[in-house]
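Since the structure comes first, as structure tokens, the remarks are kept for the end.
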Amino acid sequence: MTVEFVGMIGTRDVSETRPPAGPPVDPAYVRRFARAHEDGGFDRILIAYGSSTPDATQVAAYAAAQTERIGLLIAHRPGFVFPTLAARTFATLDQFSGGRVAVHTITGGSDAEQRRDGDYLGKDDRYERTGEYLGILRRAWSSPEPFSHEGRFYKFEDFSAGVQPAHRIPLYFGGSSPAAYRVGGAHADTFALWGEPLAETAEQIASVQAAAAAAGRGPLGISVSFRPILAATDDLAWERAAGILARIKSNGPFQGVLGGRNPENVGSQRLLAAAAKQDRHDRALWTATAAASGAQGNSTALVGSPETVARALLDYVDLGVTTILIRGYDPVDDAVDYGRHLIPLVRQELRHRALAGVAR
């Protein structure tokens, strides 16, 4: 079995542990950040979406021009761009990048954040729109003939895409609500979850796969995301983790894109619920960082030596996880460390398992 590793890049140096440094768009930083992931053996880099952040597709295009191999996972919110235009945009970039584009669909977890970009639909309607949107994308990327569409949210006539993708663009999908399971199960290739304890992750995977089966589809890929905190030994890693937590708390309430301290989205609520039970779970999962930051995005950590964290990641692989998204609190330096010390250990064990299976 193979496991895909995904990192995450931004356009300037910032994290929950320190304020932004440099201009909002720093080309040299993006170049260094993207290349650190490529050199570290990551398979893809995620470019996030926010109502006040630089445009993810243009960031991805710049990163593609600065790298040779690494895939581009572009976060995209349906509803702000017509799906026919989005289909052409992603297909064009896929051609220029040599088939490196994937799309991570974010339906939207905060009404306030959606309204900043002019979207006043409620959550249920947003998910219905996303389902219609993704159906149009898939058809636009595969239809050899012009087609028309009349649905609840979109209507057009005789659309013909003058450009097709260089490959079948994978669709990733994030969410933790029943509506997310239903829509993602019907359309996604990989369903993305945040890093919860193993038992809760297994429950979510079962819900996702049941939704896919109900839609007449086979099992989906499963992504889980973490913030690994590494050091040479477990004890040193926990010392480092304590310093990171102190810096998160000293920066005050973190105002992200998901509603501050009382997030509306189920994914953040689940992380906070896990943190309320206890700080440490399973082999190395630490939820204190999620509690301190308001669970804004993927915010649970795996703490320990590279060997300990690698074993923890493999625990999730054993549940059926096929993609691991990891990013650090020291963004570039941590990406380098993951590539040097963590990713090789996981891949080595997977190769060992594969060889053992062949031998049997």
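All figures in this text were calculated on a predicted structure; none of them were measured in a lab. FYI, the numbering just counts along the sequence from 1.
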>> Check this for me, if you would: do Glu128 and Lys123 make a salt bridge, where the nitrogen-to-carboxylate-oxygen distance has to be below 4.0 angstrom?
In response: no
> When you look at Val3 and Thr323, which way does the side chain to side chain contact (heavy atoms under 4.5 Å, CB included) test go after all the steps?
Replying inline: CA-CA 6 Å; Val3 171; Thr323 293; over 6 Å; no
>> With heavy-atom distances below 4.5 Å as the criterion, would you say the side chains of Tyr316 and Leu198 are in contact?
In response: yes
> If every non-hydrogen atom of Ala63 is compared with every non-hydrogen atom of Ile9, which pair is closest and at what distance?
Replying inline: CB-CD1, 4.1 Å
> Got more than 12 heavy atoms from elsewhere within 6.0 Å of CZ, Arg340?
Replying inline: no
> Okay, side chain of Gln164, backbone of Ala91: is any donor-acceptor separation there less than 3.5 Å?
Replying inline: no
> If only atom types and distance count, is the side chain of Arg217 paired as donor or acceptor with the main-chain N or O of Ala188 below 3.5 Å?
Replying inline: yes
>> Give me the atom names and distance for the closest heavy-atom approach of Ala36 to Val332.
In response: CB-CG1, 4.4 Å
> Of the options Leu220, Thr190, Asp189, Thr107, which is the one that meets Phe173 in a side chain to side chain contact (heavy atoms under 4.5 Å, CB included)?
Replying inline: Thr107
> What are the two closest non-hydrogen atoms of Gly320 and Ile222, and how far apart are they?
Replying inline: O-CB, 3.9 Å
> Can you tell me if Asp330 uses its side chain to pair, donor with acceptor, with the backbone of Asp333 under 3.5 Å?
Replying inline: no
> Is Arg283 paired with Asp234 through a side-chain N to carboxylate O contact shorter than 4.0 Å?
Replying inline: no
> Any sub-3.5 Å donor-acceptor pair from His37's side-chain atoms to Ile45's backbone N or O?
Replying inline: no
>> Working note: Arg227 + Asp334, criterion salt bridge (charged side-chain N to carboxylate O under 4.0 Å, His left out); need CA distance, chi angles, decisive distance, verdict.
In response: CA-CA 10 Å; Arg227 310 290 291 273; Asp334 282 340; over 6 Å; no
> Should the ring pair Phe90 and Trp141 be called parallel, tilted or perpendicular, given that the plane angle runs from 0 to 90° and is split at 30 and 60?
Replying inline: perpendicular
> Is His149 close to Thr84 at the side-chain level, that is, under 4.5 Å between some pair of heavy atoms?
Replying inline: no
> Under 3.5 Å, is there a donor-acceptor pair between the side chain of Thr67 and the main chain of Arg69?
Replying inline: no
>> In this structure, would Ile169 and Phe96 fall into the same cluster of hydrophobic residues linked by side-chain contacts under 4.5 Å?
In response: no
> If Ile, Leu, Val, Met, Phe, Trp and Tyr residues are connected whenever their side-chain heavy atoms lie under 4.5 Å apart, and connections chain through other members, are Val163 and Val101 in the same group?
Replying inline: no
> With hydrophobic residues grouped by side-chain heavy-atom distances under 4.5 Å, do Ile229 and Leu345 end up in a single group?
Replying inline: no
> Out of curiosity, Thr105 OG1 to Leu134 CG, how far, rounded to the nearest 0.5 Å?
Replying inline: 4.5 Å
> Looking only at atom types and distance, does a side-chain atom of Thr53 sit under 3.5 Å from a main-chain N or O of Tyr49, one as donor and one as acceptor?
Replying inline: no
>> For Val266 versus Ser177, what's the shortest heavy-atom pair and its separation?
In response: CG2-CB, 3.8 Å
>> We want to know whether Tyr62 and Arg31 form a side-chain donor-acceptor pair, criterion being a heavy-atom distance below 3.5 angstrom.
In response: yes
>> Please check if the number of heavy atoms outside Glu157 that lie under 6.0 Å from its CD is greater than 12.
In response: no
>> To the closest 0.5 Å, what do you measure between OG (Ser207) and OH (Tyr181)?
In response: 4.5 Å
>> In this structure, would Ile47 and Val25 fall into the same cluster of hydrophobic residues linked by side-chain contacts under 4.5 Å?
In response: no
> When Ile, Leu, Val, Met, Phe, Trp and Tyr are grouped by side-chain heavy atoms lying under 4.5 Å apart, directly or through other members, which residues fall in the same group as Tyr172?
Replying inline: Val6, Met8, Leu46, Leu73, Leu325
> Got Arg353 and Leu314 here, is their nearest side-chain heavy-atom distance under 4.5 Å?
Replying inline: yes
> If every non-hydrogen atom of Leu271 is compared with every non-hydrogen atom of Gly195, which pair is closest and at what distance?
Replying inline: CD2-O, 3.8 Å
>> With salt bridge (charged side-chain N to carboxylate O under 4.0 Å, His left out) as the criterion, how do Arg44 and Glu4 come out once you've worked through the C-alpha distance, each side chain's angles and the decisive distance to 0.1 Å?
In response: CA-CA 8 Å; Arg44 300 185 192 276; Glu4 176 185 60; 2.7 Å; yes
> Same cluster or not: are Leu72 and Val81 linked, directly or through other Ile, Leu, Val, Met, Phe, Trp or Tyr residues, by side-chain heavy atoms under 4.5 angstrom apart?
Replying inline: yes
> If you round to the nearest 0.5 Å, how far is OG of Ser15 from CZ of Arg327?
Replying inline: 8.5 Å
> Val30 versus Asp26: any side-chain heavy-atom pair under 4.5 Å?
Replying inline: no
>> Apply side chain to side chain contact (heavy atoms under 4.5 Å, CB included) to residues Tyr133 and Arg126 and explain how you reach the verdict.
In response: CA-CA 10 Å; Tyr133 192 101; Arg126 290 200 297 267; over 6 Å; no
> So Ile343 and Phe42, side chain to side chain contact (heavy atoms under 4.5 Å, CB included) or not? Walk me through it.
Replying inline: CA-CA 8 Å; Ile343 293 174; Phe42 283 81; 3.7 Å; yes
>> Between Phe5 and Tyr338 (judged by ring centroids, cut-off 6.0 Å), do the two rings come close enough to count as a pair?
In response: no
> So with a 6.0 Å cut-off around CZ of Phe156, is the heavy-atom count from everything else above 12?
Replying inline: yes
>> Ignoring hydrogens, what is the shortest heavy-atom contact between Ser299 and Thr289? Give both atom names and the distance.
In response: O-OG1, 2.6 Å
> Given the rule in the salt bridge (charged side-chain N to carboxylate O under 4.0 Å, His left out) test, do Asp94 and Arg100 qualify, once you have shown the distances and angles that lead to the verdict?
Replying inline: CA-CA 6 Å; Asp94 198 52; Arg100 289 195 271 162; over 6 Å; no
>> What I'd like to find out is whether the side chain of Tyr29 reaches to under 4.5 Å of the side chain of Thr11, using heavy atoms alone.
In response: no
> Should Phe147 and Phe159 be marked as a ring pair (Phe, Tyr, Trp, His ring centres under 6.0 Å) after you check the CA-CA gap, both sets of side-chain angles, and the distance that decides it?
Replying inline: CA-CA 5 Å; Phe147 68 95; Phe159 170 74; 5.8 Å; yes
> With a 4.5 Å heavy-atom cut-off, do Arg12 and Pro24 have their side chains touching?
Replying inline: yes
> How many angstroms lie between atom CZ of Arg247 and atom CD of Glu16, to the nearest 0.5 angstrom?
Replying inline: 11.5 Å
> Side chains of Gln204 and Ser176: does their closest heavy-atom pair fall under 4.5 Å?
Replying inline: yes
> Is a side-chain N or O of Thr300 found less than 3.5 angstrom from the main chain of Phe226, in a donor-acceptor match?
Replying inline: no
> Would a distance-only check, ignoring hydrogens and angles, find a side-chain to backbone donor-acceptor pair under 3.5 Å from Thr287 to Asp279?
Replying inline: yes
>> Assess the residue pair Arg270 and Glu196 against the criterion (salt bridge (charged side-chain N to carboxylate O under 4.0 Å, His left out)); give the C-alpha distance rounded to whole Å, side-chain angles, the decisive distance to 0.1 Å, and a yes or no.
In response: CA-CA 8 Å; Arg270 289 178 65 98; Glu196 297 185 22; 2.6 Å; yes
> Glu200 versus Lys277: any side-chain heavy-atom pair under 4.5 Å?
Replying inline: yes
> Out of curiosity, Phe153 CZ to Glu132 CD, how far, rounded to the nearest 0.5 Å?
Replying inline: 6.5 Å
> Does a donor on one side chain sit under 3.5 Å from an acceptor on the other, for Ser305 and Thr308?
Replying inline: yes
> Can Arg311 and Asp282 be counted as an ion pair, charged N to O under 4.0 angstrom?
Replying inline: no
> Does the cation-pi check pass for Arg182 over Tyr127, that is, NZ or CZ under 6.0 Å from the six-membered ring centre and within 45° of its axis?
Replying inline: no
>> Quick check for you: to the nearest 0.5 Å, what is the distance between Ile244 atom CD1 and Thr17 atom OG1?
In response: 7.0 Å
